[in-house]
Amino acid sequence: MAAATSLSPLFLSLNSFHFPPKEPSFFKPKLHGRLPHFSTSRNQSLPLPVSSLSNPQNIDTLFPLSSLGSSYIETDDLSNLLRLSVKYSNIDLARAVHAASVKLDEDTQLGNALISAYVKLGFVVDAHGVFKHLSSPDAVAYSTLISGFAKVNKENEAIVHFFRMRSSGVEVNEYSLLAILIACIRISELELGLQVHGLIIKLGYLECTYIANALMSLYDKSGCFDYVTQLFDEMPQRDIVTWNTAISSLVNQWLYEKALRLFQDLHLTTGFRADRCTLLTVLSACAGCHAAMGGREVHAHAIRIGLEANLSINNAIIGFYTKCGSLKDVLAVFEKMPVKDIITRTQMFMAYMEFGVVDLAVEVFENMPERNTVSCNALLAGFCKNGEGSKALDLFLKMVQERVELTDLTLTSIVNACGILMSFEISRQIHGFVTKVGFGSNACIETALLDMYTRCGRMKDADKIFRSWPSDWDSSIIRTSMLCGYARNGMPEEAISLFHQSQLEGAIVVDEVALASILGVCGTLGFHEMGEQIHSHALKSGFLANVVVGNSIISMYSKCCNMNDAIKSFNIMPIHDIVSWNCLIAGHLLHRQGDGALDVWSRMVKEGIKPDSVTFILIILAYRHTNSNLVDDCRNLFLSMKKAYEVDPTSEHYASLVSVLGYWGLLEEAEEMIIKMPFEPEAFVWRALLESCRYHLNMSMGLRVVKRIVAMEPQDPSTYALVSNLYLASGRWHCSELVREDMRKKGLRKHPCRSWIIHQKEVHSFCVRDQSHYQTKDIYSGIDRLILECLKLGYVPNTSFTLQDVEEHQKKEYLFYHSAKLAATYGLLLTKRGKPIRIVKNILLCGDCHMFLKYVSVVTRREIILRDTSGFHHFSNGHCSCKDYWR
C-alpha cells in the first residue's frame with residue numbers, strides 16, 4: 001500500500017493535462033493534424049532519461065511530466081511503466097504513457113503493450129482505440145483485443161475482429177484461437193466453434209492442452225457431451241483443468257456415479273492433485289446422487305490437502321450435508337468455519353428449512369450482517385417448502401416496503417405461497433401488485449400468474465390468461481403451465497385433451513416439466529397405454545437421466561397397476577433422490593404390499609440413504625399391510641425418528657401410527673396416544689382413528705371421535721358426511737337426515753364421486769345414476785342382467801347407507817347404479833374375454849359396490865382391477881386382494 005501511495009504526486013500532476021471535452025475514454029492526440037506513426041525501433045527516445053523503474057517510490061522523481069520537453073525516455077521504460085500501471089491498477093498512469101508514446105514513431109511492441117495494459121485494466125474501449133491506430137496490427141494485437149472483448153461480454157466484437165484477422169492475412173496463433181473459443185463459450189456459439197475446431201486441427205494446435213480444454217468447455221456448454229468425452233479420450237496430454245472439465249461435463253449430464261468414478265481415476269492413474277474446482281464439482285455429484293459416504297470422503301480429502309479453511313469449499317460441504325447428511329453435520333461445519341459470508345449464512349438457514357426447523361432458520365436470517373435479494377428469495381422458498389404461506393407473505397410485504405429488488409424467483413415464491421394459502425383475495429391482490437409495478441409484461445410473469453390461479457383453484461381466471469396469450473409469444477411455456485394446472489385441479493381429461501391438441505399443433509416443447517406433468521396425469525387416470533408412450537418419448541428425447549422425469553415414471557406405472565415396470569424404472573435410473581425412494585415405497589403401499597415397502601426401507605438403510613419426513617409416513621403405514629403383526633417394530637421406528645434421523649414427528653406421522661394401531665385393533669392405545677400428543681392434533685389424526693372405529697364397528701368411540709372432528713372442522717362437508725354415515729350405521733336414521741339437511745342449508749357439498757375406465761384412448765366417466773353416456777341403454781341393460789345373476793348367487797344389497805325416507809325398492813335402485821357398477825358394466829361390454837377390467841374411482845369404494853364386484857368376478861369369470869383412494873382391489877373368483885379392508 002505504501003508503494004501505491006507514493007505514486008500519488010505523479011497522478012496528481014496529471015491534472016496539468018487538459019484533455020479536450022467529450023473526448024472518448026481512450027486518448028487520441030493529434031500531431032500537426034495527422035496521426036502518429038510508429039516505427040519498429042526499440043531505441044526511440046523522448047525527453048527525460050529514466051535509468052531505473054524497479055522502485056515505484058522513485059517514479060515521481062524519475063518521471064516528472066514537467067520535464068518532458070527537455071529530456072529523453074526509452075520505449076523500454078514506457079513498457080515498464082505500463083507494467084506498473086497494471087500492477088497498481090492505475091489507469092491514469094497508462095493513459096500518461098499513452099500520451100507520451102504518440103510522440104514516438106510507431107513501435108509494434110509498445111502498441112501491443114498498451115493494448116494489453118488497457119485490457120488488463122478493464123478498459124477495452126481504450127485498447128480498441130490504440131488498435132485502430134496501428135498501421136499493421138500483428139497476431140499479438142489481434143489476440144489481445146479479441147480476448148479483451150470476450151472477457152467484457154462483447155463477444156460479437158471479438159468474433160468480428162477474429163474474422164478481420166483472418167481476412168487481413170495475419171496468421172492466427174494459439175492465443176487468438178483460445179480467445180475466439182472463449183467468445184464462443186460465453187455465447188454458446190457452437191457453429192462457429194465447430195469451424196474453429198476444424199481450423200485448430202488444420203493448423204496442428206489440437207495437441208495444445210489449453211486449446212483442447214477450451215474446446216471441451218464449448219462442447220460441454222452446448223450440450224455436445226459425446227464430443228467432450230471424445231476429446232478427453234484422445235488428448236495426448238492432460239492437466240487438472242482437463243480432468244475438471246470432463247468431471248463437470250458428466251455432472252451436467254446428471255451422470256453423477258460416472259463423475260465420481262472419473263474422480264477416482266484422477267487419483268489412481270495420475271499425479272495431479274485435486275484443486276478447489278475439482279472438489280466443488282465432486283461435492284455436487286455426491287449431493288446429486290445422494291452418495292453420503294462419498295461426500296464425507298471428499299470432505300476428509302479437502303482437509304488432507306489443506307482446503308479445510310477454503311470458503312467456497314465449506315459452503316459446498318454445507319450444501320452437501322443439507323441434502324445427504326444431518327443437521328448436526330451442517331452445524332459442525334458451520335461452527336468451524338474461520339470465515340463466513342452471505343452465501344454461508346444463506347445456506348445455513350436453508351439447511352434449517354430443509355430439516356423443517358423454521359424458527360432457527362428465521363433467527364439465522366435476522367442475525368445476518370447483510371442480506372440481499374438472493375437471501376430473501378431463499379427464505380421465501382423455504383417458507384413455501386415448509387407450508388408457511390402466511391410467513392412467506394409477511395416477508396414479501398417487508399421486501400416491498402424496504403424496496404428490496406424483486407425478481408422472477410420472488411414472484412414465483414409468493415405465487416406458491418398463495419397456492420398454500422388458497423386465498424382468492426390474496427391472489428387477487430398479488431395480481432394487482434404485479435400489474436401495478438409492471439411485472440405482468442413478459443411471458444415468464446404471465447405464466448407465473450396463471451400458475452398462481454391454478455394453485456388457488458381459480459381455473460376460470462387461469463383460462464382467461466391462457467386464452468389471451470399473445471400470438472407472438474412462445475406458447476409452449478403457458479401450455480405446460482396450463483397442463484400442470486389441469487392436473488393439479490383434478491381435471492385430468494382436460495389435461496390429456498390439451499396435451500394432444502398441443503402436440504398436433506406443434507405448440508408445445510415436451511421438456512422435463514411437461515413430461516412430469518403428463519405422466520402424473522396418466523397415473524391419476526390410470527392411462528397405462530399413454531403412460532408407456534410418454535415413457536418412450538422421454539427415452540428417445542434423453543430425459544430419462546432427469547430424476548424428476550424418472551420419479552414420475554415410477555409413480556405412473558405404480559398407479560397404472562404395473563408395479564413390475566415401476567421397479568424396473570427405478571433400477572435403471574442413473575441417479576435417485578429421496579423422492580425416487582418414496583415413489584417406490586408409495587407404489588408398494590398402493591398395491592398393499594407392506595413387506596415390499598419394508599424391503600425398500602432396508603435397502604435405504606444399508607445404502608446410507610437419508611430418509612425425510614415423507615419416508616417415515618410411508619414406512620409407518622407399510623406396517624398396516626404386512627403379513628404379520630409388527631406393531632412393536634412400528635412403535636420402535638416411530639420412536640427412533642428423532643433420535644436416529646433427526647426427523648421431528650408431525651401430525652402426519654401420528655396419524656399414520658394411529659392407522660396402524662387401529663388396524664390391528666388397538667383402538668384404546670391409539671386414542672390415548674392422540675390425547676398425549678406433545679402438540680394439538682389436527683383433525684386428520686382423529687379421522688385415522690375414526691376409520692379404524694368403522695372397520696371394527698366401535699360405535700361408541702366413533703361417535704366420541706366425530707364430536708372432536710366436528711368441533712375442529714365445522715365447515716368441512718366430509719365431516720358432516722361422516723356423522724351422517726355413523727348415524728345410519730347405528731340405526732339412527734332421523735339423526736342422519738337432520739345432518740344432511742343441515743349440510744344443504746349451509747350450502748356444503750361432498751366431493752362428487754366419479755368412476756371411469758379407458759377404452760381406445762378415451763376416458764369414459766360415470767357418476768351415480770349417470771345417463772349421459774352415448775351407450776346408456778346398453779349399459780343399463782347389462783347392469784340389470786348382472787344384478788339378477790349376482791342375486792342368484794347370494795348377493796344382498798346393503799341399503800344401510802342410503803336415504804331412509806324412501807321405499808326399499810328405491811334404495812336398491814339407487815345402489816344398483818353407483819358409478820363403479822356402471823363403469824364395470826361398460827368395461828365388460830367392451831373388453832375381450834380373458835382381459836381384466838380396469839376401473840379408477842376418485843373416492844373410497846362403498847361396501848355394497850365392493851361386495852357386488854366380488855360377485856361379478858364369479859358371474860363373468862373375469863378379473864376386475866379397481867383403484868380407489870385406499871389402493872388397488874383385485875377382484876377374482878369372489879375374492880378381493882384387500883382382504884375386505886376396503887374402507
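By convention here, the first residue in the shown sequence is residue 1.
Taking the ring centroids of Tyr557 and His535, they lie under the 6.0 Å cut-off.
Contact detail for Phe320 and Ala287: the closest heavy-atom pair is CD1-N, 3.9 Å. Across every non-hydrogen atom of Met530 and Ile496, the tightest pair is SD-CD1, 3.3 Å. Minimum heavy-atom separation, Val548 to Asn546: N-OD1, 2.9 Å. The shortest heavy-atom contact between His873 and Gly871 is CD2-O, 3.8 Å. Nearest heavy atom pair, residue Ile843 against residue Cys753, reads CD1-CB, 3.6 Å. Listed here is the closest heavy atom pair of Lys559 and Phe872: O-CZ, 3.2 Å.
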side-chain contact (heavy atoms from CB on, under 4.5 Å) between Val549 and Leu519, intermediate numbers included: CA-CA 8 Å; Val549 174; Leu519 283 166; 4.3 Å; yes
Step-by-step side-chain hydrogen bond (donor to acceptor under 3.5 Å, both in side chains) determination, Arg754 to Ser819: CA-CA 6 Å; Arg754 287 198 312 141; Ser819 65; over 6 Å; no
Verdict with supporting geometry, Arg838 and Thr831, side-chain hydrogen bond (donor to acceptor under 3.5 Å, both in side chains): CA-CA 10 Å; Arg838 299 178 183 274; Thr831 56; over 6 Å; no
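Side-chain polar atoms of Ser659 and Arg624 form a donor-acceptor pair below 3.5 angstrom. If you check the side chains of Asn377 and Thr407, you find a donor sitting under 3.5 Å from an acceptor. Side-chain contact, Ser870 with Arg592: a donor N or O sits under 3.5 Å from an acceptor N or O. For Ser427 and Arg458, the side-chain atoms include at least one donor-acceptor pair closer than 3.5 Å. Using a 3.5 Å distance cut-off with no hydrogens or angles, the side chains of Ser502 and Arg479 do pair a donor with an acceptor. Counting only N and O atoms by type, the side chains of Ser613 and His653 include a donor and acceptor under 3.5 Å apart.
No more than 12 heavy atoms of other residues, nucleotides or ligands sit less than 6.0 Å from atom CE of Met350. Atom NZ of Lys323 is surrounded by 12 or fewer heavy atoms from other residues, nucleotides or ligands within 6.0 Å. Residue Phe543 places its CZ atom among more than 12 non-hydrogen atoms of other residues, nucleotides or ligands, all under 6.0 Å distant.
Results of the ring pair (Phe, Tyr, Trp, His ring centres under 6.0 Å) test with Phe616 over Tyr623, Tyr654, Trp601 single out Trp601 as the only residue that passes.
Between Glu354 and Lys385 there is a salt bridge, since at least one side-chain N of the basic residue sits less than 4.0 Å from a carboxylate O of the acidic one. A salt bridge between Asp463 and Arg467 is present, with a side-chain N of the basic residue lying under 4.0 Å from a carboxylate O of the acidic one.
Take Tyr453 and apply the side-chain hydrogen bond (donor to acceptor under 3.5 Å, both in side chains) test, not counting sequence neighbours, and it matches His431. Residues that satisfy the side-chain hydrogen bond (donor to acceptor under 3.5 Å, both in side chains) test with Arg867, not counting sequence neighbours, are absent from this structure. Residues forming a salt bridge (charged side-chain N to carboxylate O under 4.0 Å, His left out) with Arg296 (at least two apart in sequence, or on another chain): Asp329. Residues forming a side-chain hydrogen bond (donor to acceptor under 3.5 Å, both in side chains) with Glu646 (at least two apart in sequence, or on another chain): none.
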Side-chain donor-acceptor distances from residues 820-829 under 3.5 Å, at least two apart:
residue: Lys821; atom: NZ; partner: Leu815; partner atom: O; Å: 2.8
residue: Lys821; atom: NZ; partner: Asp848; partner atom: OD2; Å: 2.4
residue: Thr825; atom: OG1; partner: Lys821; partner atom: O; Å: 2.8
residue: Tyr826; atom: OH; partner: Gln775; partner atom: OE1; Å: 2.9

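Put simply, the side chain of Ser602 gets close to the backbone of Leu598: a donor and an acceptor are under 3.5 Å apart. In this structure, the side chain of Ser248 does not engage the main chain of Asn244 through any donor-acceptor pair within 3.5 Å.
The structure places OH of Tyr352 at 14.0 Å from CD of Gln347, a figure rounded to the nearest 0.5 Å. Going from atom CG of Leu515 over to atom CG of Leu544 covers 9.0 Å, rounded to the nearest 0.5 Å.
Residue pairs that meet the side-chain hydrogen bond (donor to acceptor under 3.5 Å, both in side chains) test with at least one member in residues 571-586, sequence neighbours left out, are Asn551-Asp577, Asn551-Ser580, Asp577-Ser580, Asn582-Asp612, Asn582-Thr615.
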